[in-house]
Amino acid sequence: MGFMEMRSAKLMNGRVFAGARALYRAAGVKGEDFGKPIIAIANSFDEFLPGHVHLNKVGRLVSEAIQEAGGIPREFNTMAVDDGIAMGHTGMLYSLPSRDIIADTVEYQVNAHCADALICIPNCDKVVPGMLMAALRLNIPTVFVSGGPMEAGTTVMPDGTVKKNTDLIDVMYASADDSLDEADLLAYEKTVCPTCGSCAGMFTANSMNCLTEAIGLALPGNGTILASHAYRKDLFKRAAEQVVKIAKQYYDNDDDSVLPRSIATKEAFENAMTMDVAMGGSTNTVLHILAMAQSADVDFTLDDIERISHTVPCICKASPSGEWEISDVHRAGGITGILGELDRAGKLHRDVHSIDYKTLEAKLADWDIMRETCTEEAKQMHLAAPGHIVSPDPFTHTTLFDSLDRDRENGAIHDVDHPAVTEGGLAVLRGNLAPDGCVVKTAGVPKEIWTFRGPALVVESQEQAIEVILDDTLKPGMALVIRYEGPKGGPGMQEMLYPTSFVKGKGIGKQVAMLTDGRYSGGSSGLAIGHIAPEAANKGPIALIQNGDIITIDIPNRSVNVELSDEELAQRRAELEADDGYVAHRDRKVSQALKAYAAFARSADKGATRDPELIDKLSGLA
């Protein structure tokens, strides 16, 4: 192998860039360190988010470890939107667009300063995919290490009733439950989010951090070691050492196998999505993995996800769809445990590698707790347990489980012969209501409503949806259609956890369907169908639905339709176009920033990404 010149070399040599070196010296880089790889640390520390509030401490830890390993650490921050805080009001319009801002920020910072390698410290919803998109665009040695998941809460009600494993979703359910008083609600509010970290359960943030590990860009434990556990500190140090190691592999040995695009191949995308379907991850992972594939120039589409969803069972049914918390999944072997079961079932491509192993087989040999070859380090790591210490600080405890969970019939992770749900945890549906597809988290849908037929109740916004739920206009047996909330129509494709939470709080969660061209939260469950494409703002059929139209949903046969003839739909389309009706009739003023996002946004089947052809056309640049 040869020698690859570092990106920073041009700045560190010669008279021309003496000014750049002077600025690096002023920022604290020692002259004797010039020539070492510059490692950009993309940190999403943010005091708004419990998932990120501790990352300032993490950034310092990672920086010091990079320095010790022989790199020059240069930390910067990205933005981070807390979906839970932004949800239910116009703040949520900014969440998905922030994904592109984050991706651009990382690309800008790294290229502007000629960084040689990158370590990303994300945690919550849009930060993970935003950083992944940037890493795949940049294609320099990169390691991901997330802030880690939050512990589940323990809520003691005013009457003394103890409710274990509560989380953010429980307080949202409670807020719509008329049988609970203010004291009951306050008990939930104070206890459901006890530690720092991304919200407990397999919501979007944790789903994405697990997916990053599965695709090969993060070390084992990334998705499942609790943010509060001391073992997470070890993971941060190992990640810092690993990024310096692979930077040297690339630049000193010309080993391009460590680059993100060498790791995130089509086969790796399929493996990651297979794992996601098997654990019933958030529907938002579909949106994000499609966007990531485009950043990597990988031909991975909704058709591939549809194919995978047909052939992979759900073998890990975690909260909010099941009884298991993220710490239980960790005890059962975490992501390498799920991958191990899928590998034994012949569901994975084996010709893939990761930032730390040359082959999938070698990684599973060391980290799959069901194998005799599993290392003591791996076994010990998977014993990390909740500490039940209420604190926003990381690394507060070293609590361990008494034993690992190797029960593959009744434990947190099943084998494929004993699936939690025979059908996969995610499914793509199509029909005359969604010709380009839509997505449902089947792991969260009660089996009794996998087939549904009922009259539509149509609203033009999430705000109207909340109104018709809380005032009981939405009745059992109805299909609530929420439109003009897609990427362009929102704009911003609002995530809608409040509507799904409120129907549960009202006690009708198993009796209604909800359909939207927007998104549902990773914390949503019930018959909630999102990402309907084309969206209403792009003249999709969802714009043509009227109150009382009969909606039919058939998850086993992957279909979603409105009982209208092609002729009737064509007539309605003609009337709507004549009336210039492809505009939501609502009082929602949006900023120029959101309008700019909407101008380039494509529908959900394309990952809600910017339209590259339109950008090229308008920019006039090749």
Side-chain angles (χ1 to χ4, degrees), residues 40-63 75-110 118-135 142-150 168 193 195-201 203-212 217-218 222-223 227-228 232 236 239 282 284-285 287-288 291-292 295 392-394 492-495 497 519 521-523 591 593-594 597 608:
I41 304 172
N43 192 343
S44 53
F45 164 67
D46 182 328
E47 288 189 325
F48 281 105
L49 290 73
H52 297 236
V53 72
H54 60 303
L55 297 186
N56 56 339
K57 298 181 178 70
V58 169
R60 293 297 84 208
L61 183 73
V62 168
S63 183
E75 184 179 1
F76 67 94
N77 284 86
T78 68
M79 65 176 296
V81 171
D82 190 314
D83 283 15
I85 295 173
M87 200 169 292
H89 56 93
T90 53
M92 182 46 74
L93 298 175
Y94 291 89
S95 175
L96 183 60
S98 76
R99 184 184 69 179
D100 291 315
I101 305 297
I102 292 162
D104 291 349
T105 298
V106 175
E107 179 186 335
Y108 279 34
Q109 283 285 108
V110 169
L118 173 66
I119 184 166
C120 293
I121 310 174
N123 214 23
C124 293
D125 295 6
K126 308 310 164 300
V127 186
V128 189
M131 289 186 177
L132 281 163
M133 289 163 67
T142 303
V143 171
F144 276 73
V145 59
S146 77
M150 181 186 290
L168 180 65
C193 296
T195 70
C196 60
S198 48
C199 292
F203 308 153
T204 302
N206 291 338
S207 297
M208 285 304 304
N209 287 320
C210 291
L211 191 147
T212 305
L217 293 172
N222 180 69
S228 57
R232 194 98 201 166
F236 289 121
S282 163
N284 287 315
T285 57
L287 198 70
H288 300 322
M292 289 159 52
S295 293
D393 293 324
M493 204 180 185
Q494 290 198 76
E495 185 174 276
L497 180 55
R519 301 181 294 127
S521 165
S591 71
L594 289 174
Y597 172 81

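Values below: all heavy atoms of this structure, side chains included; hydrogens, waters and symmetry mates excluded.
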Next on the checklist: Applying salt bridge (charged side-chain N to carboxylate O under 4.0 Å, His left out) as the test, list every pair that has at least one member in residues 82-102; sequence neighbours left out.
Outcome noted: Asp83-Lys126

Checklist entry - Got a second to check how far Gln109's CD is from Glu107's CD, nearest 0.5 Å? => result 11.5 Å

Item to check | Validation row: Tyr597, Leu93 side chains within 4.5 angstrom (heavy atoms) | outcome: no

Next on the checklist: Using 0.5 Å steps for rounding, measure from the CD1 atom of Ile121 to the NE2 atom of His54.
Outcome noted: 9.5 Å

Item to check | Phe203 to Ser282 - nearest heavy-atom pair and separation | outcome: C-CB, 4.0 Å

Next on the checklist: Distance check, rounded to the nearest 0.5 Å: His52 atom NE2 versus Ser146 atom OG?
Outcome noted: 9.0 Å

Checklist outcome for this item: Of all heavy-atom pairs linking Cys124 and Ala205, the shortest is CA-CB, 3.7 Å

Next on the checklist: Between Leu217 and Thr142, is there a side-chain heavy-atom distance shorter than 4.5 Å?
Outcome noted: no

Next on the checklist: How close do Met79 and Ile101 get, counting heavy atoms only, and between which atoms?
Outcome noted: SD-CG2, 3.7 Å

Checklist entry - Looking only at heavy atoms, what is the nearest atom pair of Ser44 and Asn123, with distance? => result OG-N, 4.1 Å

Next on the checklist: Show the nearest heavy-atom pair for residues Asn222 and Arg232, with the distance to one decimal.
Outcome noted: O-NH2, 2.8 Å

Item to check | Residue pair Leu55 / Gly147: nearest heavy atoms and the distance that separates them | outcome: CD2-CA, 3.7 Å

Checklist entry - Which value, rounded to the nearest 0.5 Å, describes the distance between Asn206 atom CG and Leu211 atom CG? => result 12.5 Å

Item to check | Side chain proximity check, Thr204 to Glu495, heavy atoms < 4.5 angstrom | outcome: yes

Checklist entry - With a 4.5 Å limit on heavy-atom distance, are the side chains of Met131 and Ile102 in contact? => result yes

Item to check | Within-4.5 Å side-chain heavy-atom neighbours: Leu287 and Met493 | outcome: yes

Item to check | Heavy-atom check, side chain of Val127 versus side chain of Met208, under 4.5 Å | outcome: no

Checklist entry - When rounded to the nearest 0.5 angstrom, what distance separates OG1 in Thr105 from CG in Asn77? => result 10.5 Å

Checklist entry - Mind checking whether Asn284 and Arg519 have side chains closer than 4.5 Å, heavy atoms only? => result yes

Checklist entry - Please walk me through it: do Met133 and His288 pass side-chain contact (heavy atoms from CB on, under 4.5 Å)? => result CA-CA 9 Å; Met133 289 163 67; His288 300 322; over 6 Å; no

Next on the checklist: Between Ile41 and Ser63, is there a side-chain heavy-atom distance shorter than 4.5 Å?
Outcome noted: yes

